[in-house]
Structure formats: structure tokens, C-alpha cells
Protein chains: 2
Amino acid sequence: MAIELRPSQALRLLHELSLVQVRDDAPDLSPRQLAILLSVYLETPPHTVRGLASRLGVTKPVVTRALDTMGALHLVSRRRDEADRRNVIIQRTVEGALYLEKLGDQVVAVARALPR
Amino acid sequence: MAIELRPSQALRLLHELSLVQVRDDAPDLSPRQLAILLSVYLETPPHTVRGLASRLGVTKPVVTRALDTMGALHLVSRRRDEADRRNVIIQRTVEGALYLEKLGDQVVAVARALPR
DNA sequence: AAGGATCGTTACGGCAGCGGATTGTTCCCG
DNA sequence: CGGGAACAATCCGCTGCCGTAACGATCCTT
């Protein structure tokens with residue numbers, strides 16, 4: 001069965017979540033960066049710059065820059081595709097998995113505390 | 001009863017949501033801006049710059065700038081507090097209400113489409 | 001072997017956000 | 001009534017992201 005949620009609950013959820021995120025001085029990713037990160041971790045590999053760009057409807061430089069930033073944070077890593085050396089394969093990292101695990105738990109906790 | 005949600009569902013929810021947001025070329029607000037907007041619309045007035053800043057754990061200039069930006073988008077408006085003219089009262093707008101209504105509906109739609 | 005196509009990255013100029021310090025009003029209290 | 005406190009806005013230099021346009025490397029086709 002699907003998750004039932006009323007609009008007012010949805011907004012409260014977003015509110016609590018955004019407050020947690022803003023306070024947390026975990027480096028707050030931009031919406032685009034988060035979208036890329038989630039795509040890499042939730043969708044089936046392999047992931048390329050080109051694929052992610054078209055998936056999100058943004059330009060390739062946006063993806064490259066986001067990978068630069070998140071790479072510096074060790075949330076993702078890059079590797080040349082040896083089969084086709086033009087491609088770059090985006091890989092998951094332990095730190096990235098932990099980051100998302102924590103994020104998921106935060107959402108669950110906030111949702112649980114939501115008034116019915 | 002509380003909203004029950006598994007971590008994997010939570011991440012999928014965020015994923016779909018971020019994709020919708022990124023594609024939508026609705027001006028995507030930064031996490032901080034969204035947090036301020038939601039606070040203004042979900043918490044009981046009156047809202048002041050100082051109050052919002054301490055609520056979010058950010059500095060006052062951050063709030064002022066966010067209000068500048070969102071004011072230009074007509075998502076909020078400002079008014080001097082006549083009782084204490086040092087204060088500025090942040091007010092809701094019709095456009096802001098519509099923006100959040102739409103956002104809430106998006107969350108609901110995404111949640112409903114989530115695999116159980 | 002060569003031309004063009006594809007891929008990711010980088011360069012560029014511009015815009016917006018940041019923290020910290022300062023300013024100008026307005027209020028409060030001794 | 002005068003000096004300090006409180007409040008929001010502004011200024012400063014900096015950093016990071018944006019879109020467009022190039023670029024180098026690699027592949028593919030003929």
C-alpha cells in the first residue's frame with residue numbers, strides 16, 4: 001500500500017526536515033547536488049556524467065562541478081571507464097552511503113514524530 | 001498514528017522529490033530559504049528577522065538576504081511593526097501560499113506513488 | 001588512416017550567497 | 001533626558017555555483 005500523507009503533513013515534514021538540515025552543520029548540499037547523489041545511490045549503475053545530466057535535465061558542467069564538490073567531500077568517486085575511455089563512471093563510497101543512511105533515518109524520525 | 005516510513009522509502013521519497021524540484025524551473029530555493037519560508041507559513045506569527053535567525057541558528061544577515069530574495073519573488077513581504085518600529089514583521093503572501101500548496105501536493109503525489 | 005561524433009572537463013564572466021563588522025533607528029531605563 | 005541596548009539593514013571581501021562556449025581525448029566509421 002502507498003504512503004498516505006496529507007498536504008499539511010507533507011509541509012510539516014519538509015519544515016522539520018529543513019530545520020534539522022540547516023542546523024546540522026553537515027555541509028548542506030544544493031538541491032541539484034542532492035538529486036545527483038540520490039540518483040547515484042538509488043538507481044542502477046553504471047552512472048556517467050552524460051546520463052546524470054540528461055536524467056536531471058541539467059547541463060554536463062553542472063554535473064561535473066557537483067561531482068567535484070561531492071568528490072572533495074568523499075561522497076562519491078570517479079573512475080575512467082576502461083571499456084570506453086571517454087566515459088567516466090561515478091562510484092559510490094562508504095562515506096556517501098553513511099551520509100544517505102543518516103539522512104534516511106532523519107526523515108523517518110521526523111515522519112514518526114508528525115502529528116496525525 | 002504517526003507516519004510509518006522505512007529508510008529506503010524515505011530516500012526514494014527525497015529522490016523523486018528532488019528530481020521534480022530540479023526539473024521544475026520554479027526558482028529552486030536554497031535549503032535555508034526554504035526553511036525560512038516554511039517557518040513563516042507554518043509557525044504562529046508574528047515573525048521577525050531576529051526570531052527567525054535564532055530559530056534556524058543562522059545570523060541575521062542571512063535572514064535579511066533570504067527575505068530580499070523571496071520578497072523579490074513575492075513569496076513573502078515585510079512590514080514595519082508600528083508598535084515597536086525597530087521590528088520588521090514578515091508577512092505571508094498569496095503567491096507564497098500557492099507556492100507551498102503546490103509543494104505540499106507534490107510531496108503527497110510522490111509519497112503515494114512510492115512502492116510499499 | 002582520417003573525418004566527424006561523442007564524452008568529460010575547463011575557461012570565462014556574472015550572479016548570489018556567506019560570515020563578520022558596522023551603521024542608522026528606535027526603544028528602554030536609570 | 002541622555003546613554004546604552006536592541007533591531008534590521010548594509011558594506012566588505014570571499015567563495016561557490018551558474019550557463020555558454022570552447023577544448024582535448026577517445027571512439028567509430030568508412
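Letters A, B, ... mirror the listed sequences (proteins, then strands); counts begin at 1. Just so you know, these numbers come straight off a predicted model, no measurement behind them.
Side-chain contact between B/Leu19 and A/Ser39: present, with at least one pair of heavy atoms (C-beta onward) separated by less than 4.5 Å. Considering only heavy atoms from C-beta on, B/Leu17 comes within 4.5 Å of A/Leu14 through its side chain.
Remark: the backbone N or O of A/Asp81 is not paired with any side-chain donor or acceptor of A/Arg86 at under 3.5 angstrom. Side-chain atoms of A/Arg80 come within 3.5 Å of backbone atoms of A/Arg85 as a donor-acceptor pair (strictly under, hydrogens ignored). Judged by distance alone, with hydrogens and angles left aside, the side-chain atoms of B/Glu16 form no donor-acceptor pair with the main-chain N or O of B/Leu13 at under 3.5 Å.
Within residues 41-69 of chain B, the residues having any heavy atom under 4.0 Å from DNA chain D are, by residue number, B/Thr48, B/Val49, B/Arg50, B/Lys60, B/Pro61, B/Thr64.
Straight-line distance from the CZ atom of A/Arg32 to the P atom of C/dA16: 14 Å, rounded to whole Å.
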Short heteroatom pairs, N/O only, protein and nucleotides 25-28 of chain C, under 3.5 Å:
| residue | atom | partner | partner atom | Å |
| --- | --- | --- | --- | --- |
| C/dC27 | OP1 | B/Arg85 | N | 3.0 |

Under 3.5 Å, side-chain donor or acceptor atoms of residues 45-52 of chain A against the rest of the protein: list the pairs with distances, not counting sequence neighbours.
| residue | atom | partner | partner atom | Å |
| --- | --- | --- | --- | --- |
| A/His47 | NE2 | A/Val40 | O | 3.1 |
| A/His47 | NE2 | A/Glu43 | O | 3.1 |
| A/Thr48 | OG1 | A/Gly51 | N | 2.9 |

Show me the donor-acceptor pairs, under 3.5 Å and distance only, between side chains in residues 96-106 of chain A and residues at least two apart or in other chains.
| residue | atom | partner | partner atom | Å |
| --- | --- | --- | --- | --- |
| A/Gln106 | OE1 | A/Gln21 | NE2 | 2.6 |
| A/Gln106 | NE2 | A/Asp24 | OD2 | 3.2 |

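Both A/Leu37 and B/Leu11 are members of a single hydrophobic cluster when ILVMFWY side chains are connected at heavy-atom separations under 4.5 Å. Using a 4.5 Å cut-off between side-chain heavy atoms of Ile, Leu, Val, Met, Phe, Trp and Tyr, with links allowed through other members, B/Met70 and B/Val88 fall into different hydrophobic clusters. A/Ile89 and A/Leu75 are members of different hydrophobic clusters when ILVMFWY side chains are connected at heavy-atom separations under 4.5 Å. Residues A/Ile36 and A/Leu38 share a single hydrophobic cluster, defined by chaining ILVMFWY side chains whose heavy atoms lie under 4.5 Å apart. Grouping the Ile, Leu, Val, Met, Phe, Trp and Tyr side chains by contacts below 4.5 angstrom, directly or via other members, places B/Leu73 with B/Leu67.
Once you apply a 4.0 Å limit to the heavy atoms of chain B, the touched nucleotides of DNA chain D run 5' to 3' over D/dA6 to D/dT10.
When the local axes at the two ends of the helix from C/dA1-D/dT30 to C/dG30-D/dC1 are compared, using 5 base pairs at each end, they differ in direction by 10° after rounding to 10°.
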